[in-house]
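Down below is the structure, laid out as structure tokens.
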Amino acid sequence: MELDKKILEKNKADIEAILKDAQETAEKEYKSIIEEVENDYNKKYLSIKNDYQKQIATKERMLAFEKKQAELLAKQSVLTEIFNKVYEKLNQLEGKDLLKYVANKIKEVNYVGNEIMYVNKNEYNKYLKALSTKEKNQLVELDQLNAILNTQFQLSNEPIDIENGFLLEGKDFDLNFATNEIVKKLRDKHEREIAKELFK
């Protein structure tokens with residue numbers, strides 16, 4: 001009986017040692033698994049967070065770019081409207097206003113003084129009435145314009161293919177005063193300073 005008791009006690013001690021060892025191993029495994037899961041979670045979280053931050057940064061850049069583009073388009077639209085109004089205003093000039101405008105534009109360039117003026121078919125009467133007191137003819141002396149500039153310009157009744165404005169044809173070269181060309185030059189010259197004033 002004693003022997004049985006001793007064997008049982010030894011087995012019990014062995015079992016307890018095995019159980020203790022198994023428990024310690026299980027705890028270590030558990031901690032290791034939990035640590036691994038936490039590390040994996042943290043890595044995935046950081047990866048997802050970085051991806052979202054990159055997406056947000058990309059979208060912010062795209063929005064900033066789109067905003068700049070929209071602002072630029074809006075500015076261009078306003079400037080186009082301004083110069084369209086200038087264009088319309090110039091095309092509406094008649095009588096003394098047109099005479100003054102034509103004289104001032106010609107003064108800005110080098111001319112001989114005996115050039116022939118050409119206009120389109122629709123504007124012929126408007127220019128004849130503003131620049132001359134003479135009747136319609138193949139070539140008409142522009143006496144009112146010549147009195148201002150001390151020249152001998154004449155207006156031809158042969159229409160020219162320009163949208164509006166006029167052309168002075170000389171012996172050696174032509175001078176183009178088409179309204180759309182004049183407005184284009186004005187825009188090229190003054191657009192930046194006008195934009196600066198408008199969009200401070």
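Side chains included, hydrogens not; waters and symmetry mates left out as well; all remaining heavy atoms used.
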Next item on the list: Could you give me the CA-CA distance, side-chain angles and deciding distance for Ile182 and Lys105, then say whether side-chain contact (heavy atoms from CB on, under 4.5 Å) is met?
Entry: CA-CA 9 Å; Ile182 287 167; Lys105 289 316 292 176; 4.0 Å; yes

First locate atom [atom1] of [X], then atom [atom2] of [Y], and finally report the distance between them rounded to the nearest 0.5 Å.
{"X": "Gln154", "Y": "Leu139", "atom1": "CD", "atom2": "CG", "answer": "5.0 Å"}
{"X": "Phe153", "Y": "Asn114", "atom1": "CZ", "atom2": "CG", "answer": "8.0 Å"}
{"X": "Ile116", "Y": "Asp174", "atom1": "CD1", "atom2": "CG", "answer": "11.0 Å"}
{"X": "Gln152", "Y": "Leu142", "atom1": "CD", "atom2": "CG", "answer": "11.5 Å"}
{"X": "Gln144", "Y": "Leu98", "atom1": "CD", "atom2": "CG", "answer": "11.0 Å"}
{"X": "Glu60", "Y": "Gln53", "atom1": "CD", "atom2": "CD", "answer": "10.5 Å"}

Check: Looking at Asn146 and Thr151, what are the two nearest heavy atoms and their distance?
Finding: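 Taking every non-hydrogen atom into account, OD1-OG1, 2.7 Å.
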
Checklist line | For the student: nearest non-hydrogen atoms of Glu158 and Tyr118, plus distance | finding: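 Taking Glu158 first and Tyr118 second, the nearest heavy atoms are O-CD2, 3.4 Å.
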
Item checked: Hydrophobic cluster identity match, Val119 and Leu175, side-chain contacts under 4.5 Å ->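 Yes; Leu175 is reachable from Val119 via cluster members.
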
Next item on the list: Please test Ile148 against Leu99 for side-chain contact (heavy atoms from CB on, under 4.5 Å), starting from the C-alpha separation and ending with a verdict.
Entry: CA-CA 9 Å; Ile148 296 170; Leu99 173 63; 3.7 Å; yes

Next item on the list: Kindly determine whether Lys136 and Leu128 satisfy side-chain contact (heavy atoms from CB on, under 4.5 Å), including the steps that lead there.
Entry: CA-CA 7 Å; Lys136 182 178 178 179; Leu128 178 64; 3.9 Å; yes

Check: Looking at residues at least two apart in the chain, or sitting in another chain, which of them share a ring-ring contact (aromatic ring centres under 6.0 Å, His included) with Phe177?
Finding: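 Phe177 satisfies ring-ring contact (aromatic ring centres under 6.0 Å, His included) with Phe166 once adjacent residues are dropped.
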
Item checked: Check ion pair Glu193-Lys196 (N to O, under 4.0 angstrom) ->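 Here Glu193 does not pair with Lys196 in a salt bridge, since their nearest N and O are not under 4.0 Å apart.
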
Notebook entry, point to check: So, are Lys85 and Glu81 salt-bridged, with charged N and O less than 4.0 Å apart?
Noted result: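 Counted as a salt bridge, because a side-chain N and a carboxylate O are separated by less than 4.0 Å.
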
Check: [X] side chain, [Y] main-chain N or O, donor-acceptor pair, under 3.5 Å:
{"X": "Ser132", "Y": "Glu141", "result": "yes"}
{"X": "Thr58", "Y": "Lys54", "result": "yes"}
{"X": "Asn120", "Y": "Glu123", "result": "yes"}
{"X": "Asp97", "Y": "Leu93", "result": "no"}

Are there over 12 heavy-atom neighbours, none belonging to [X], within less than 6.0 Å of that residue's [atom1]?
{"X": "Gln138", "atom1": "CD", "result": "no"}
{"X": "Asn104", "atom1": "CG", "result": "yes"}
{"X": "Gln69", "atom1": "CD", "result": "yes"}
{"X": "Gln55", "atom1": "CD", "result": "yes"}
{"X": "Asp188", "atom1": "CG", "result": "yes"}

Next item on the list: Could you walk me through whether Glu94 and Lys126 pass the side-chain contact (heavy atoms from CB on, under 4.5 Å) test, one step at a time?
Entry: CA-CA 7 Å; Glu94 289 184 10; Lys126 180 173 90 167; 3.7 Å; yes

Item checked: Summary of ring pair (Phe, Tyr, Trp, His ring centres under 6.0 Å) pairs that have at least one residue in residues 55-104, sequence neighbours excluded ->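 Sorted result for residues 55-104: empty, none.
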
